[in-house]
Protein chains: 2
Amino acid sequence: MPPRQHRKVSGKDVAEAAGVSRTTVSFVLNDRPNSAIPEETRRRVLTAAEALGYAPLPEARALKMGHSDVVLCLLPDWPITGPLGVLLESLSARLADSGLTMLAHQRRPDDDLSQVLGALTPTTIVAMCDLSEIEVSYAEARGISLVAFMGDVPGRPDLAGLRQSDIGRLQVAALVDRGHASVAYVLPHDRNLDWFSEPRLEGAREEAQRRNADLIEYRDVDNGGARLATWVISAARDRVTGICAYNDEVALSILMAAHGAGIAVPEDVSLIGVDDSCFTRMTRPPLSSVGFGLGVEVQRLAALITESGTEVRGSDEILQLQIRQSVQDLSATP
Amino acid sequence: MPPRQHRKVSGKDVAEAAGVSRTTVSFVLNDRPNSAIPEETRRRVLTAAEALGYAPLPEARALKMGHSDVVLCLLPDWPITGPLGVLLESLSARLADSGLTMLAHQRRPDDDLSQVLGALTPTTIVAMCDLSEIEVSYAEARGISLVAFMGDVPGRPDLAGLRQSDIGRLQVAALVDRGHASVAYVLPHDRNLDWFSEPRLEGAREEAQRRNADLIEYRDVDNGGARLATWVISAARDRVTGICAYNDEVALSILMAAHGAGIAVPEDVSLIGVDDSCFTRMTRPPLSSVGFGLGVEVQRLAALITESGTEVRGSDEILQLQIRQSVQDLSATP
DNA sequence: CTGTTAGCGCCTTCAA
DNA sequence: TTGAAGGCGCTAACAG
């Protein structure tokens, strides 16, 4: 255990302890390729640094070098949940492999970029939320590179290969493929989710039209499920045989409402959600869902950040359709 | 919109543009109390700074001042979910009110504190994960104050008023209060969750003993629910009338297993989870749960960080028992 | 092979 | 009321 001391230990202290100059310390610690430094000296510096518990001050280093090795993830101001949490975790790990440190900041509704950038200067910002044009130029002026990832940023293409609209498309396709000619799309009312829900619905509409299927929409999801139950009954009467839910929570809500209403899943109506949440396997019947193969996605994003590549892949390789017992294949019964 | 430029704009540039010295710029921008600066000059500096899009470089400032205004939240390496996400969000907001910027970093299984601290030097670290003794002294040596919050940190009391054991205690108490004399505690196998699950179980054991109730434990939660279903049946036969689940997901799993096994909730067996997840209101019957009133908790933590207070409150004010229809009051039937 | 030196952008004491 | 100067800790070109 290094001795506790109040004054912070600087490179100068190490130099003195090792009996060399600060330059030498810097060279040794940064492993200069021009390592014409005798092994003996090297070791003396190293042990001195170790003994004192020395580590270079990141601020000073960044000041000198003109850039830090921090990647800032800007998150929207609603609670992090589901796949996003996983994505953050693995992106962080990937970047760490390249010597980059990922830090996340949740922005508040009304504060702008300058707040965070007043606290540190990242090398790159991964915007997972919308950014204004002013904020973009603010970042640009500071030489920070900007990457849009599931957020709207003026002048930057969204690098997420994952298109929200493809989710809705895939849900509808999964049902139509299995012989469902009339399907419904159920989404919650929360305006915060518009960024996700509108494109999904739009994709569902397009796919339904393309496949000549009927699509009806329903937005009145209540917690108790009372209104939902009556809706499910009427939908079933209207020959709706498949329901796409905005996400697995909504799907669960529908599942329970159907239970209570005497509508059997999947015999009377099939059901498919989004997120492939952990509880999808815990319901009866197990919920079908559209999951995310984020491994590839994260790897790509990390590569993009570290090497500034540009290749963008499509959703097809990311979305993972998980058909479980909540979906019935109507075309399989001759 | 400020003009785009490649070279970063420094205080010197502002000084030149305004035709004053750098000192004056610094004085104006930092609003020195000794403001003997003529209004005319003040305005010239301010407009120049605005026009150039100037903002002080945080690294340089931190270097000079000897401290940053960053609070670093160290998160465990599993995906963020549920209440933790909410806590982060509101803590961030609170700290921002005090001019502090909260950044979150998810640590990897094998990297230690020095990795992150090689990228920035926060004023305070909020440890929501376990820290080793070496890491503690590492932070101390750098003058970083350390706060343990739902994580084990040598030499630091856990400042979370929320004790995990109180959760288990409360679950059992909720059932015993309602006339259940024999209860079960069901938890998953995941070792990652030990930090949470073991204390909860322990609390449950203590409460059961104190109240003279039987407590049986079950850890074999499978996804399909097959084993769980047979267990539920045997538990019901053994006169278990109430089940506490480690969290709401497990509770859902149990609920569905019971459904399938012909065990009625709450008529045959009552059920209570933890987290008060959003889907608790979407099940049939709606799940009872122990939720978290994190508003108070966050406010306290923020105050602790900004003012270094020490007062610690207990779980009672934080845990919120939500009894819904999944719990039956046996003592109410005379 | 190693030490001297300059300067990154910022703040603040001290003179003028 | 403003300018000059020093130094925070670090790196790297440039001597020696």
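Values in this document were obtained by computation on a predicted structure and should not be read as measured data. Naming: A, B, ... by sequence-line order, numbering from 1 per chain. Note that these values count all heavy atoms, side chains included, but never hydrogens, waters or copies made by symmetry.
Stem analysis of DNA chain C (at least three stacked-register Watson-Crick or G-U pairs, each with both distances under 3.5 Å) gives C:1-4 with D:13-16, C:6-16 with D:1-11.
For the side-chain hydrogen bond (donor to acceptor under 3.5 Å, both in side chains) test, no residue two or more places apart in sequence or in another chain qualifies with A:Thr47. When the salt bridge (Lys or Arg N to Asp or Glu O under 4.0 Å) test is applied to B:Glu135, the partners found at least two apart in sequence or on another chain are B:Arg107. Every side-chain hydrogen bond (donor to acceptor under 3.5 Å, both in side chains) that B:Glu40 has, sequence neighbours left out, goes to B:Arg44. When the salt bridge (Lys or Arg N to Asp or Glu O under 4.0 Å) test is applied to B:Asp112, no partner is found at least two apart in sequence or on another chain. Listed by chain and number, the residues in a salt bridge (Lys or Arg N to Asp or Glu O under 4.0 Å) with B:Glu198 are B:Arg219 (sequence neighbours excluded). Shown here are the side-chain hydrogen bond (donor to acceptor under 3.5 Å, both in side chains) partners of A:Arg43, two or more places apart in sequence or in another chain: there are none. With sequence neighbours left out, A:Asn192 forms a side-chain hydrogen bond (donor to acceptor under 3.5 Å, both in side chains) with no residue at all. Under the salt bridge (Lys or Arg N to Asp or Glu O under 4.0 Å) criterion, B:Asp110 pairs with no residue, sequence neighbours left out.
If you take atom P in D:dG6 and the same atom in C:dT5, they sit 15 Å apart, rounded to whole Å.
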Side-chain polar contacts of residues 119-130 of chain B - donor-acceptor pairs under 3.5 angstrom, sequence neighbours left out - could you list them?
from: B:Thr121; atom 1: OG1; to: A:Glu59; atom 2: OE1; distance (Å): 2.9
from: B:Thr121; atom 1: OG1; to: A:Glu59; atom 2: OE2; distance (Å): 3.3
from: B:Thr123; atom 1: OG1; to: B:Ser68; atom 2: O; distance (Å): 2.4
from: B:Thr124; atom 1: OG1; to: B:Ser145; atom 2: OG; distance (Å): 3.2
from: B:Asp130; atom 1: OD1; to: B:Asp152; atom 2: N; distance (Å): 2.8
from: B:Asp130; atom 1: OD1; to: B:Trp195; atom 2: NE1; distance (Å): 3.4

Below 3.5 Å between N/O atoms, which protein atoms pair up with nucleotides 2-4 of chain D? Just atom names and distances, please.
from: D:dT2; atom 1: OP1; to: B:Thr41; atom 2: OG1; distance (Å): 3.1
from: D:dG3; atom 1: OP2; to: B:Ser21; atom 2: N; distance (Å): 2.6
from: D:dG3; atom 1: OP2; to: B:Ser21; atom 2: OG; distance (Å): 3.0
from: D:dA4; atom 1: N6; to: B:Thr23; atom 2: OG1; distance (Å): 3.2

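In this entry the distance linking NE2 of B:His67 with C1' of C:dC10 reads 13 Å, nearest Å. For the pair B:Leu29 CG and C:dC11 C1', the computed distance is 12 Å after rounding to whole Å. Put simply, CG on B:Leu120 is 16 Å from P on D:dC10, counting in whole angstrom units. Look at CG on A:Asp13: it is 13 Å from C1' on D:dC8, rounded to the nearest Å. A straight line from NZ of B:Lys12 to P of D:dA5 spans 14 Å, rounded to a whole angstrom. Rounding to whole angstrom units, CD of residue B:Glu39 and P of D:dT1 are separated by 12 Å. At whole-Å resolution of the value, CD in A:Glu16 and P in D:dG9 are 12 Å apart. Between the CZ atom of A:Arg142 and the P atom of C:dC8 there is a distance of 18 Å, given to the nearest Å.
Of the residues in residues 56-66 of chain A, those placing a heavy atom less than 4.0 Å from an atom of DNA chain C are A:Leu63, A:Lys64, in numerical order.
Atom CD1 of A:Ile318 is separated from atom CZ of A:Phe292 by 9.5 Å, given to the nearest 0.5 angstrom.
A:Glu16 and A:Arg22 are not joined by a salt bridge, as no carboxylate oxygen comes within less than 4.0 angstrom of a charged side-chain nitrogen.
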